[in-house]
Amino acid sequence: MEYQFREIEQKWQRVWREKKTYQVNEDPAKKKYYALDMFPYPSGAGLHVGHPLGYIASDIIARYKRHQGYNVLHPMGYDSFGLPAEQYAIQTGQHPEITTNTNINRYREQLDKIGFAYDWDREVRTSSPEYYRWTQWIFGLIYDSWFNLDTGKAEKISSLVEKFETNGNYNVNAAIDDQWFTELDLSKFPFFSKDFSGAFSATDWKSMTEEQQQLLLMHYRLAYLADSWVNWCPALGTVLANDEVKDGRSERGGHPVEQKKMRQWSMRITAYAQRLLDGLDTIDWPENIKEVQRNWIGRSEGASVRFRVDGHDADIEVFTTRPDTIFGVSFMTLAPEHELVPLITTDEYRDGVEKYMASARLKTERDRQSDAKNITGQFTGAHVIHPFTGEKIPVWIGEYVLAGYGTGAVMAVPAGDQRDWDFARKFGLSIPQIFADTDISEKAESSKDARLCNSQMLDGLSYQEAMPKIISEIEKLGIGTGKINYRMRDAVFSRQRYWGEPFPVYYKNEIPYLCDDDDLPVVLPEVDKYLPTEDGEPPLARAKDWFYEFETQHYRMEYNTMPGWAGSSWYFLRYMDPHNEKVFADRNKVDYWNQVDLYMGGAEHATGHLLYSRFWTKVLFDHGYIGFDEPFKKMINQGMILGRSNTTYRYCNGFAAKDQPINWEQTNILLTKEISERFFQLGHAPTPEEFDQILAQQLGESKAKDIRKGIMGVDKRYVDISLVDNDELDIKAFKSSLFGNEDDIFILNENNKYICGYEVEKMSKSKFNVQTPDELVEKFGADTLRLYEMFLGPVEQSKPWDTKGINGVHNFLRKFWRLAHDRDNHFAVQDIEPTPAELRVLHTAIKKVTEDLNRYSWNTVVSTMMICVNELTELKSSNKKILSDLVVLLSPYAPHFAEELWEKLGHTSSVVDALWPAFDEKHLVVDSFDYPVSFNGKTRFNIELGISLSQDEVTQAVLNHELTAKYLEGKQPKKVIVVPKRIVNVVV
RNA sequence: GCCCGGGUGGCGGAACUGGUAGACGCACAGGACUUAAAAUCCUGCGGUCAGUAAUGACUGUACGGGUUCGAUUCCCGUCCCGGGUACCA
């Protein structure tokens, strides 16, 4: 045994812990660097080798930056509220905190083994009251905010109240629901008339009771309580945010989700839609994530236009991105849920409309989406008046119009929109032509290229020209205005669950009030069961004696809890000042550490965490608590590490009656992969002849006959990868495992081996292909694991875990070790001046490693180090100076190994504080270059020439070369291209 | 359908601004050492063809075109794989 990784790693992990090597503090004299891993949820399953991939990558950058003299903040903590612990609590009655702590301890144990440079003194847990006190405080801040569209930012509610007091809401330009006044319970505001349209005066405001004022303010708040359509998941017993729903099912657990109107807390993220969009241009994130966020925000420019309903005192308001096509409108389509539908439907069509609405209501969101190709609709009998032509336009309802987008109504232009075209075709509605020189008989003209016709003042205009013109015409008529619409909805913020942050909110006369800051945290109370009450109240309603005391009165608390993304929306700030009891983080510290310089994590949070934390950051910025409005300056998404599963092929006998499924009977015979594959290649169950033939080829005639019985097939089954080495099955171990039996018979290949099949797929217990970091650390050491995870390929990419390849990097470390040790494993280095050859090898590595780390190319660094060590081994070098520098280069990847050698090389302080070796070009300078010479692009021979030669001299040297004549084939060279220190190309 | 990625040996991948394609590692094959195994070391390793051989020729980065002295890299078209997203007016 030469390189004793177990002892070395344990030793240095202990030293680091004792000396607090990774503790950091603000130091204004030093540049800062903030490297952050995405907050893990401590799941019960622990880590497999895929999880630490990103942690290792960011750890390497953190260590590298420290070598370069940066003051590096590199923390870790836990997003410890969440559903799995609560589901487990429901089943077992065990408090979710206990489960959570057990899981956290297991995580910590696993993380410690890998040797991360985390400052554990800064650990945070979202479920600890010291932490969620500030989550509650930030909620309070958002609750106490409104969004002023004039200043483009959040302001305190007090500034709004000031405005109300001086001028009512006449000059208030706030982000607020367009139709907010329709939601107001007018019975509580007797002084507002029946057709109250949202405007009130300072006198109105001052005459209101506190209750009335609070009800009104609620519509302006950035965190507000409202009856809204929510995604209700009956199986989980809670509402879910849009990003937690995928294909009409809950992201966690895959339970069905239905639409339900409920009184819920929401966050007015829509107020920030434009800033969230603009901010994307200022941050260095993977383009696909930015694109997902752009789509999610879904900005579209157009106009909102009102169409008067014929014979009613009502307008249908539509949003359109193509107001220039307004002369092509031949019908209107409303969502079945549209509020005007019952009002305007004529008696003649009432039956049909009601039937249609009922059938639409029965369908879930999922049904409606999956049934998109099936066009349905119903005429209401009503008409609107075209504002420009005065024509009567029929009003239809159709499922293809979504209630939740825009106004829930569209002006249908079949000539220019495929969905409208399909609808018109199906129901025999007219398709007026409005695009010159186009054919709309087979499909709509959906491009923006055509010029308009039959469009009055827009005739002959392009899309670009027509847009401003028609918007001004619409505005002139007073029937609408240019408008920007966003697809994004406000985010539902309450959950009917136990294991989450309680709201710092109590109710007085059913009006919510914020608890006093001094009363924070509102601690999560004990309950007897983690289930809803009999009345359907959330679990917190079970808490005994849980109330808020204010001026000797007792008030009931809010029973909902906050969603998972609450705590994770600001945790990167808490790491800067994790123990502060006065404020969520001291402004000076926040200013010092500032934005996260490298954020490492998965792409799956694109529309959740990554959007919400940007939103909260902007709110905190608007109020002046922090000095930046984007949290993560650069982000890299690590890819998934896939498992490599192995399968055995068990031979089956069976019979198949006509039109009956085949009955298989498993035998005790297992066929090696080579044989089994021939069966699969047949594409059908082998006939007895085919079977005999295949087996005979492999085993010889007589043996084949013995095996076959009846109709046969091969059953492919997973086998635990621990029983397989390099696809070869360990037969003895297999027989005594759960996968095999003692009397199993193996049909082997030519080399007397049983070869298993393999599959590259996600790691999971059911596929018996899980690799845990613990096993690998045990077998090869953490340093090897770290190197190997990086060596696998680019971090961003998904790639299979090759169980065998880890030997290669382990050998590299052993080889490195041998550079500094003699045959008897005694430390032996030469303390002399390095030779030019040694220096060239070293500086080649310094250059490449530095460049690669700067461009986050983790995998190529490992290759570079391997090449360097190979070359030094060849040079039989064991130079102390060379090795010292090399150890520093390696230390971000293999910190324990580096510490050990660093110490042996005579250094007394930790290698983590060693200065990064400086690259010196002079060691790479050579005076000649071996030019590849090509003829018409084909490389033919090499010629070594001095680099100081001029291009003409190089050309002459090449033309004079003995081989040149051969490739010229007697022709004259047309041109000779010389790229100095690269290539010579002769054109013939 | 739309939007992003991506197709390079048996495998993971390298080639950074167009300049010797296949670095580095795995696997495999042959050899040395050894009683044997492991470990270690050496050699070979995209394909086809020619040659006893060193070697040489052709071909080759999904496919078909183009630009260029020169294309894995740039442009156009096609196919395939992965991810995201979808009646968003």
Side-chain angles (χ1 to χ4, degrees), chain A residues 1-2 246-247 286-292 294-296 298-300 302 318-323 325 333 368-369 371-375 398-402 404-413 416-420 422-423 485-488 603-604 606-607 639-640 644 726-727 758 760 787-788 791-794 796-809 811-812 814-815 818 848 851-852 854-855 857 859-868 870 930-942 973-979 981-988:
Chain A
M1 283 296 274
E2 24 186 27
K246 291 258 145 72
D247 300 325
E287 207 41 54
N288 60 325
I289 297 262
K290 290 196 194 183
E291 205 52 37
V292 168
R294 284 192 192 105
N295 291 339
W296 186 261
R299 178 192 154 108
S300 44
V318 299
F319 172 75
T320 172
T321 54
R322 294 294 303 273
T325 63
T333 319
R368 234 165 113 163
Q369 276 172 21
D371 208 21
K373 268 143 255 133
N374 183 17
I375 302 162
E399 278 183 311
Y400 82 97
V401 178
L402 302 177
Y405 182 76
T407 60
V410 301
M411 59 173 227
V413 182
D417 184 291
Q418 193 57 45
R419 289 156 311 184
D420 296 343
D422 293 339
F423 195 87
N485 205 35
Y486 299 93
R487 191 183 87 108
M488 184 168 62
E604 67 274 18
T607 54
M640 214 189 325
R644 197 172 182 284
N726 199 18
D727 290 345
Y758 75 88
V760 170
L787 277 161
Y788 187 53
F791 186 64
L792 277 178
E796 306 91 315
Q797 248 170 57
S798 290
K799 59 234 153 200
W801 180 264
D802 175 1
T803 46
K804 211 63 191 160
I806 195 164
N807 287 314
V809 285
N811 280 342
F812 154 71
R814 297 174 45 180
K815 222 164 161 182
R818 261 179 268 140
K848 178 103 171 100
E851 281 172 2
D852 286 356
N854 285 342
R855 64 188 174 101
S857 174
N859 55 326
T860 49
V861 171
V862 185
S863 309
T864 305
M865 295 297 303
M866 286 174 170
I867 293 168
C868 182
N870 287 347
D930 197 21
Y931 280 94
V933 179
S934 53
F935 291 79
N936 287 339
K938 278 182 188 146
T939 310
R940 295 304 183 175
F941 59 85
N942 281 29
K974 254 193 227 151
K975 203 159 88 174
V976 178
I977 286 145
V978 177
V979 185
K981 285 174 80 178
R982 284 238 186 249
I983 199 171
V984 178
N985 190 17
V986 183
V987 187
V988 186

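No hydrogens, no waters, no symmetry mates; every other heavy atom, side chains included, goes into these values. In what follows, chains are A, B, ... by sequence order, proteins preceding strands, each numbered from 1.
- For A:Arg644, the side-chain contact (heavy atoms from CB on, under 4.5 Å) test picks out A:Asn646, A:Asp727, A:Tyr758, with sequence neighbours left out.
- Computed from coordinates, the A:Met866 CE to B:A14 P distance equals 14 Å when rounded to whole Å.
- Among the heavy atoms of the strands, none lies under 4.0 Å from A:Asp852.
- The glycosidic torsion of B:G9 lies within 90° of 0, which places this base in the syn conformation.
- Comparing B:G84, B:U20, B:A89 against the side chain of A:Val292 picks out B:G84 as the nearest.
- Each of B:G13, B:A89, B:G19 was ranked by its minimum atom distance to the side chain of A:Asn859; first place goes to B:G13.
- Atom CG of A:Asn870 and atom C1' of B:C24 are 8 Å apart (whole Å).
- With sequence neighbours left out, the side-chain hydrogen bond (donor to acceptor under 3.5 Å, both in side chains) criterion links A:Asp852 to A:Lys848, A:Arg855, A:Thr860.
- Within a 6.0 Å radius of CZ in A:Arg294, other residues, nucleotides and ligands contribute more than 12 heavy atoms.
- Taking atom CZ of A:Arg982 as the reference point, atom C1' of B:G19 lies 7 Å away to the nearest angstrom.
- Atoms OG and CG, from A:Ser934 and A:Asn936 in turn, are 8.5 Å apart once rounded to the nearest 0.5 Å.
- The ring-ring contact (aromatic ring centres under 6.0 Å, His included) search around A:Tyr931 returns A:Phe929, not counting sequence neighbours.
- Distance noted for atom C1' between B:G46 and B:A23: 15 Å (whole Å).
- Taking the P atom of each, B:A21 and B:U61 are spaced 12 Å apart, rounded to whole Å.
- Of the C1' atoms belonging to B:U67 and B:C74, the separation is 8 Å, rounded to the nearest Å.
- When distances are taken from the side chain of A:Tyr405 to each of B:C88, B:U20, B:G19, the shortest belongs to B:C88.
- A distance-only check finds no donor-acceptor pair linking the side chain of A:Asn859 to the backbone of A:Leu792 [under 3.5 Å].
- Backbone-only engagement by A:Pro794 is indicated by non-hydrogen atom pairs under 4.0 Å involving sugar-phosphate atoms exclusively.
- When the C1' atom of B:A15 is taken as reference, atom CD1 of A:Ile983 falls 14 Å away, rounded to whole Å.
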Please list, pair by pair, any protein nitrogen or oxygen found under 3.5 Å from a nitrogen or oxygen in nucleotides 39-44 of chain B.
unit_1	atom_1	unit_2	atom_2	d
B:U40	OP1	A:Asn811	OD1	3.1

Taking only N/O atoms, report every protein-nucleotides 59-70 of chain B pair under 3.5 Å with atom names and distance.
unit_1	atom_1	unit_2	atom_2	d
B:C69	O2'	A:Asn985	ND2	3.1
B:C69	O2	A:Asn985	ND2	2.6

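- Among residues two or more places apart in sequence or in another chain, the salt bridge (charged side-chain N to carboxylate O under 4.0 Å, His left out) test is passed with A:Glu604 by none.
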**Request:** Dump the intermediate steps for side chain to side chain contact (heavy atoms under 4.5 Å, CB included) on A:Val809 and A:Met866, then the final yes or no.
**Result:** CA-CA 8 Å; A:Val809 285; A:Met866 286 174 170; 3.4 Å; yes
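- Comparing the C1' positions of B:U20 and B:U72 gives a spacing of 14 Å, expressed to the nearest Å.
- When heavy atoms are screened at a 4.0 angstrom cut-off, A:Val979 is found touching base atoms of the nucleic acid.
- Evaluation of the side-chain contact (heavy atoms from CB on, under 4.5 Å) rule for A:Val978 yields A:Gln951, A:Val954, A:Thr955, A:Val976, A:Val984 as partners, not counting sequence neighbours.
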**Request:** Give RNA chain B the dot-bracket treatment, 5' to 3': Watson-Crick (N1-N3 with N6-O4 or O6-N4) or G-U (N1-O2, O6-N3) under 3.5 Å, [ ] crossing, | other strand.
**Result:** (((((((..(((......[....))).(((((.......))))).(((((....)))))..(((((..]....))))))))))))....
Sort me out a list of protein N/O and nucleotides 2-12 of chain B N/O pairs below 3.5 Å, or just none if empty.
unit_1	atom_1	unit_2	atom_2	d
B:G12	O2'	A:Leu792	O	2.5

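- Ring geometry, A:Phe319 versus A:Tyr405: the interplanar angle exceeds 60°, so the pair is classed perpendicular (tilted spans 30 to 60°).
- The salt bridge (charged side-chain N to carboxylate O under 4.0 Å, His left out) check on A:Lys804 picks up A:Asp725, with sequence neighbours excluded.
- Ranking B:A86, B:C87, B:G25 by closeness to the A:Arg487 side chain, first place goes to B:A86.
- The distance between atom CH2 of A:Trp801 and atom P of B:G25, rounded to the nearest whole Å, is 18 Å.
- Taking atom CZ on A:Phe812 and atom P on B:C24, their separation rounds to 14 Å, with Å as the unit.
- The gap from the C1' atom of B:A38 to that of B:A32 amounts to 16 Å, rounded to the nearest Å.
- Looking at A:Asp420 and A:Met411, their side chains never come closer than 4.5 Å, going by heavy atoms from C-beta outward.
- Look at CD on A:Glu796: it is 13 Å from C1' on B:G13, rounded to the nearest Å.
- Partners of A:Thr803 under the side-chain contact (heavy atoms from CB on, under 4.5 Å) rule, at least two apart in sequence or in another chain, are A:Gln771, A:Trp801.
- The residue A:Thr333 sits apart from the nucleic acid: no heavy atom pair falls under 4.0 Å.
- Here, B:A86 and B:C3 have their P atoms 16 Å apart, quoted to the whole Å.
- Of the P atoms belonging to B:C75 and B:G6, the separation is 12 Å, rounded to the nearest Å.
- Heavy atoms of A:Asp420 sit nowhere under 4.0 angstrom from any nucleic acid atom.
- Nearest-nucleotide assignment on RNA chain B puts the 5′-proximal partner with A:Val984, out of A:Val984 and A:Asn726.
- No side-chain heavy atom of A:Ile806 sits less than 4.5 Å from a side-chain heavy atom of A:Phe791.
- Taking the side-chain contact (heavy atoms from CB on, under 4.5 Å) definition, one finds that A:Glu851 meets it with A:Lys847, sequence neighbours left out.
- B:C24 sits 14 Å from B:A15 when the P atoms are compared, rounded to a whole Å.
- In this structure, the CZ atom of A:Phe935 is 16 Å from the C1' atom of B:G19, given to the nearest Å.
- Here the nucleotide nearest the side chain of A:Asn807, chosen from B:A27, B:A21, B:G19, is B:A27.
- In this structure, A:Lys848 reaches the bases: a heavy-atom distance under 4.0 Å links it to at least one base atom across the strands shown.
- Side-chain atoms of A:Phe812 and A:Tyr788, non-hydrogen and from C-beta on, never get closer than 4.5 Å to each other.
- A donor-acceptor distance shorter than 3.5 angstrom exists from the side chain of A:Arg487 to the backbone of A:Asn295, with no hydrogens or angles considered.
- Between A:Arg940 and B:A57 there is a side-chain polar atom (N or O) within less than 4.0 angstrom of OP1 or OP2.
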